[in-house]
Amino acid sequence: MESTDVFIHFRPIYILFIIILSISLFITIFQKNHYKIINRFTIIIILSISLLVSAYLTYQIGILSDELGIGGDAVSFNMFIAVVALSFVVFLVYLKKIK
C-alpha cells in the first residue's frame, strides 16, 4: 500500500458535504416563499458543520502528510475549496431570497 492512499479515505466525506451543499442550494433556489423547507437555522447549521468538519479534515491531511514525509493531497484540497465556495454561494442565495 502506498503512503498516498491514506488520503483517499477522506474524500468520501468531502463528497458528502459537496452533495449536501448542492442539494441545499437547489432547494434554496427553487423553494416557494409560502413553503419554506430551509430556514435561517437550517442554513446556519448546514454551513457551520460542513465548513468546520472540512477545515478539520484538511488540517488533519496536512498533519498526516507532514508525519509521513509526503506531499499533500491536491484533490482533497480542491474538494475543500469546493465546499467553501458552495457554502458561500448557498449563503448568498439565501440572503437574496429573503429580501
Side-chain angles (χ1 to χ4, degrees):
M1 180 168 131
E2 291 184 27
S3 58
T4 57
D5 288 342
V6 173
F7 302 124
I8 294 174
H9 300 294
F10 289 114
R11 291 180 188 170
I13 300 170
Y14 286 116
I15 292 170
L16 176 70
F17 284 129
I18 290 171
I19 290 170
I20 289 171
L21 288 170
S22 298
I23 291 171
S24 64
L25 177 65
F26 287 124
I27 290 173
T28 305
I29 289 173
F30 296 117
Q31 77 179 354
K32 304 290 183 192
N33 287 337
H34 57 82
Y35 183 67
K36 298 243 182 199
I37 297 172
I38 293 185
N39 56 13
R40 182 175 296 142
F41 179 74
T42 309
I43 291 290
I44 290 171
I45 293 298
I46 289 172
L47 297 182
S48 299
I49 290 173
S50 63
L51 286 174
L52 289 174
V53 173
S54 296
Y56 182 73
L57 284 176
T58 305
Y59 178 72
Q60 289 301 318
I61 286 173
I63 289 174
L64 281 173
S65 63
D66 186 45
E67 291 293 325
L68 294 174
I70 56 176
D73 187 24
V75 175
S76 295
F77 183 71
N78 289 335
M79 287 184 188
F80 172 69
I81 296 298
V83 167
V84 171
L86 274 172
S87 298
F88 187 69
V89 168
V90 168
F91 184 70
L92 288 179
V93 167
Y94 178 75
L95 286 180
K96 187 174 189 301
K97 287 289 268 192
I98 63 172
K99 287 185 180 183

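In this chain, residues are counted from 1 in sequence order. Because the structure is predicted, anything quoted here is derived from the model rather than measured.
- For the atom pair CD1 of I19 and OG of S24, the computed distance is 12.0 Å after rounding to the nearest 0.5 Å.
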(request) Go through R11 and I8 one step at a time and tell me if the side-chain contact (heavy atoms from CB on, under 4.5 Å) criterion holds. (result) CA-CA 5 Å; R11 291 180 188 170; I8 294 174; 4.1 Å; yes
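- Side-chain contact between D73 and S65 is absent, with no heavy atoms from C-beta onward closer than 4.5 Å.
- Cluster annotation: L51 and I44 are assigned to distinct hydrophobic clusters (Ile/Leu/Val/Met/Phe/Trp/Tyr, side-chain heavy-atom contacts under 4.5 Å, transitive).
- Checked by atom type and distance alone, the side chain of S48 never pairs as donor or acceptor with a backbone atom of I45 at under 3.5 Å.
- Using a 4.5 Å cut-off on side-chain heavy atoms (C-beta onward), L92 and F88 make contact.
- Between L16 and I13, every side-chain heavy-atom pair lies at or beyond the 4.5 Å cut-off.
- Relative ring orientation between F80 and F77 is described as tilted, the plane-to-plane angle lying within the 30° to 60° band.
- Interatomic distance, S54 OG to I49 CD1, rounded to the nearest 0.5 Å: 11.0 Å.
- We find the CD1-CD1 distance between I46 and I23 to be 9.5 Å, quoted to the nearest 0.5 Å.
- Linking ILVMFWY residues whenever their side-chain heavy atoms come closer than 4.5 Å, directly or via other members, leaves Y56 and I18 in distinct clusters.
- Although no hydrogens or angles enter the test, the distance criterion places no donor-acceptor pair under 3.5 Å between the side chain of D66 and the main chain of G62.
- Here the closest heavy-atom approach between residue V83 and residue S50 is recorded as CG1-O, 3.9 Å.
- No continuous path of hydrophobic side-chain contacts links L52 to I61 [ILVMFWY only; heavy atoms under 4.5 Å].
- Contact annotation: the side chain of L64 never approaches that of E67 to less than 4.5 Å [non-hydrogen atoms, C-beta and beyond].
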(request) Assess whether side-chain contact (heavy atoms from CB on, under 4.5 Å) is satisfied between V75 and N78, documenting all intermediate values. (result) CA-CA 5 Å; V75 175; N78 289 335; 5.6 Å; no
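- Two residues are said to be in side-chain contact when any heavy atoms from C-beta on lie closer than 4.5 Å; I98 and Y94 meet this criterion.
- Here the closest non-hydrogen pair linking Q31 and K97 is O-NZ, 3.6 Å.
- Closest approach of V90 and L21 over heavy atoms only: CG2-O, 3.6 Å.
- Using a distance-only test at 3.5 Å, with no hydrogens or angles considered, a donor-acceptor pair links the side chain of Y14 to the main chain of T58.
- At a threshold of 4.5 Å between non-hydrogen side-chain atoms, the residues I43 and T28 count as touching.
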